[in-house]
Amino acid sequence: MRGALIRYRTIAYIVGVVLILLVVIGMPLKYLWDQPVVVQTIGPAHGFLYMIYLVAAFDLGRRAGWQPKRMVLVMLAGTVPFLSFYAERVVTTRWLPAAVTPASR
């Protein structure tokens, strides 16, 4: 369980940062200054990383015995800027404290 949690936390932060870069830097450059290069490079990277995020969230949810609704909510968190950070914190502090003791984090 600990390995699944570490994988999920790592990819949640990576997906969150890449999505913020895409939305805060890439989208204004594309639509305001007609410079799509950031969107063309970061967009596919985010898509690939999001697929890894989905696998990590599914793996963690399966190991933790989550209901499908909770698993889907955590998976969708990677599509909204800043939400993956919040979801990671909720998962780590509220939904898994009994399964992963503080000493093993």
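By convention here, the first residue in the shown sequence is residue 1.
- Placement of Y50 and F58 within a single hydrophobic cluster is found when ILVMFWY residues are connected by side-chain heavy-atom separations under 4.5 Å, directly or transitively.
- V55 and I6 fall into different hydrophobic clusters, defined by Ile, Leu, Val, Met, Phe, Trp and Tyr side-chain heavy atoms under 4.5 Å apart, directly or through other members.
- Here the options are V90, L83, V91, L60, the test is side-chain contact (heavy atoms from CB on, under 4.5 Å), and the partner is V74; only V91 passes.
- The aromatic rings of F85 and F82 are tilted relative to each other, their planes meeting at an angle between 30° and 60°.
- No side-chain donor-acceptor contact under 3.5 Å links T92 to the backbone of R89.
- Residues F48 and Y53 share a hydrophobic cluster, clusters being chains of Ile/Leu/Val/Met/Phe/Trp/Tyr side chains in contact below 4.5 Å.
- Closest heavy-atom contact between L19 and G78: CD2-O, 3.6 Å.
- A continuous path of Ile, Leu, Val, Met, Phe, Trp and Tyr side chains, each step under 4.5 Å between heavy atoms, connects Y31 with I25, placing both in one hydrophobic cluster.
- For the atom pair M71 CE and R62 CZ, the distance stands at 8.5 Å (nearest 0.5 Å).
- By the 4.5 Å heavy-atom criterion applied to side chains, M51 and H46 are not counted as neighbours.
- Counting all heavy atoms, side chain and backbone alike, L21 lies closest to I42 at CB-CD1, 4.1 Å.
- In summary, the side chains of Y8 and E88 do not present any donor paired with an acceptor at a separation below 3.5 Å, with no hydrogens or angles considered.
- Heavy-atom minimum distance, S84 versus G16: OG-CA, 3.2 Å.
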| request: Could you please spell out the steps behind the salt bridge (Lys or Arg N to Asp or Glu O under 4.0 Å) verdict for D59 and R63? | output: CA-CA 6 Å; D59 182 45; R63 292 174 191 258; 2.9 Å; yes
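- Note on V18: it clusters hydrophobically with M75, by side-chain heavy-atom contacts below 4.5 Å among ILVMFWY residues.
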